[in-house]
Amino acid sequence: MPDEAINSTIQTLTIAGTDSGGGAGVMADIKTMQERHVFAAAVVVAVTAQNTIGVQDFMAMPKKMIDEQFASVASDLKIRACKTGMLADVATVEAVVENLKKYDLGTLTVDPVMIAKGGARLLSEDAISTVRDKLLPLADILTPNLPEAEELTGIKIEDRDQMVVAAKKLQAMGVKNVLIKGGHQTESDRSADFTLLENGQSFWISAPRIDTVRTHGTGDTLSSCITAEIAKGADVQTAIRTGKKYVQATIADGIQVGHGHGPLNHWAKITDEEGVK
Ligand SMILES: Nc1ncnc2c1ncn2[C@@H]1O[C@H](COP(=O)(O)OP(=O)(O)OP(=O)(O)O)[C@@H](O)[C@H]1O
Ligand SMILES: Cc1ncc(CO)c(N)n1
């Protein structure tokens, strides 16, 4: 069989950490990709002992194991789009950067995961500059939440105007498309995300803020949905719009799991009633 036929199914890859509680990280990514009808592969760069209450422990994978996973995936699968999530520390970020440069894994979405909802650090402080200097220039799409955008730019973001300024600064650092997520803007009744596209166009997407603590893994779910839609051929704007609708549906149609920041309902279906605009 010709190689194009062997690998004709649309394939995506997540490069991230696991969540034993099933709500975030690699688990959220794979569930999302599966629901969006693309095949999901995973390079696990860290393992967390985690649940809805918090992160009890984590361990980064040795570089050799990261390299071997990339080699296994790249030598057999045909990845159309990939994403990064939790990258733990300097050595892990550097290993991931090296492999992303070595292999063609399609369009890259970088979710610069730093701190979990419960407050645990998922990226060491000294690795922030490694992400900024070495990973960001490789990103086709960057999806920071507000604290992450602040860390990466040094800008204190207190209103929508500063989200725009931060997005421009991130683009100047070498990222093509920037999506700044407004999920942490809790004072507004709508959660509004800002996107600055490679061609200079920009847009806001907002949706009604849902009053719930069950928002564990929203960022992972959004970036994975974007990755899946890009792999299927969507343009960046359409992929982000679909991602927002999907996240809204997964929060709105909630499930009851765990005592803390509960996970999303990944099998929720997008309807036209999400109020996303
Ligand atoms: N309570 C909420 N109601 C509606 N939308 C929300 C809510 N919380 C977050 N969102 C949306 O979810 C998406 C992810 O944003 P958020 O800022 O929560 O990411 P994050 O902090 O990276 O998430 P996590 O660290 O849990 O993966 C954004 O589109 C945001 O607007
Ligand atoms: C492994 C992992 N990745 C990402 C996040 C952020 O949602 C988390 N809590 N855990």
Side-chain angles (χ1 to χ4, degrees), residues 14-30 32 42 44-61 83-88 92 109-123 142-152 157 160 163 179-195 204-226 239-254 258 260-264 268 274-277:
T14 173
I15 303 153
T18 62
D19 170 5
S20 52
V26 167
M27 283 66 174
D29 296 342
I30 292 181
T32 301
V44 174
V45 302
V47 174
T48 72
Q50 185 174 179
N51 54 26
T52 66
I53 298 163
V55 179
Q56 288 78 44
D57 201 359
F58 78 82
M59 182 190 275
M61 288 290 117
K83 66 153 279 190
T84 61
M86 172 189 180
L87 296 179
T92 308
T109 296
V110 171
D111 185 4
V113 173
M114 293 184 192
I115 297 175
K117 285 257 149 72
R121 279 214 85 90
L122 300 176
L123 181 74
L142 180 74
T143 65
N145 63 23
L146 291 175
E148 290 157 358
E150 288 185 338
E151 284 281 359
L152 290 168
I157 305 175
R160 284 182 169 218
M163 283 170 80
L179 161 62
I180 301 189
K181 300 172 288 190
H184 293 244
Q185 253 173 353
T186 44
E187 66 286 353
S188 167
D189 63 349
R190 291 188 72 82
S191 69
D193 303 347
F194 177 73
T195 302
W204 288 89
I205 308 181
S206 76
R209 169 171 296 286
I210 299 164
D211 186 15
T212 174
V213 290
R214 297 188 185 275
T215 56
H216 181 54
T218 43
D220 315 73
T221 298
L222 179 64
S223 55
S224 298
C225 186
I226 292 168
I240 289 175
R241 212 162 270 287
T242 304
K244 180 78 174 164
K245 283 187 186 171
Y246 179 65
V247 171
Q248 191 73 9
T250 62
I251 306 172
D253 189 6
H261 288 288
L264 309 179
E274 272 85 39
V276 175
K277 50 187 193 217

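Order of appearance sets the numbers: ligands from 1, and atoms from 1 within every ligand. Numbering of residues begins at 1 and proceeds along the displayed sequence.
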Open item on the list: Regarding D111 and K181, does a basic nitrogen lie under 4.0 Å from an acidic carboxylate oxygen?
Closed with: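 A salt bridge is present here (some side-chain N lies under 4.0 Å from a carboxylate O).
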Do the side-chain N and O atoms of [X] and [Y] include a donor-acceptor pair separated by under 3.5 angstrom?
| X | Y | answer |
| --- | --- | --- |
| S191 | K244 | yes |
| T218 | K117 | yes |
| K83 | T14 | no |

Task: Enclosure of K245 NZ (heavy-atom neighbours >12, cutoff 6.0 Å) - done: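 No.
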Open item on the list: I'd like to know if the side chain of Q248 and the backbone of A207 have a donor-acceptor N/O pair within less than 3.5 Å.
Closed with: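 No: the side chain of Q248 does not pair with the backbone of A207.
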Task: T52 side chain vs G260 backbone, donor-acceptor pair below 3.5 Å - done: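 Yes; at least one donor-acceptor contact below 3.5 Å.
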Task: Shell of residues surrounding ligand 1, defined by a 4.0 angstrom heavy-atom cut-off that is strict - done: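 The 4.0 Å shell around ligand 1 contains K117, N145, K181, G183, H184, S191, D193, P208, R209, I210, T215, G217, T218, G219, D220, L222, K244, V247, Q248, I251.
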- [ ] Kindly determine whether L152 and M114 satisfy side chain to side chain contact (heavy atoms under 4.5 Å, CB included), including the steps that lead there.
- [x] CA-CA 10 Å; L152 290 168; M114 293 184 192; 3.8 Å; yes
Task: Test log, rule side chain to side chain contact (heavy atoms under 4.5 Å, CB included), inputs M86 and V45 - done: CA-CA 8 Å; M86 172 189 180; V45 302; 5.9 Å; no
Which protein N or O atoms sit under 3.5 Å from any N or O of ligand 2? Give atom names and distances.
from, atom 1, to, atom 2, distance (Å)
ligand 2, 7 (O), D220, OD1, 2.8
ligand 2, 9 (N), Q50, OE1, 2.8
ligand 2, 10 (N), Q50, NE2, 3.1

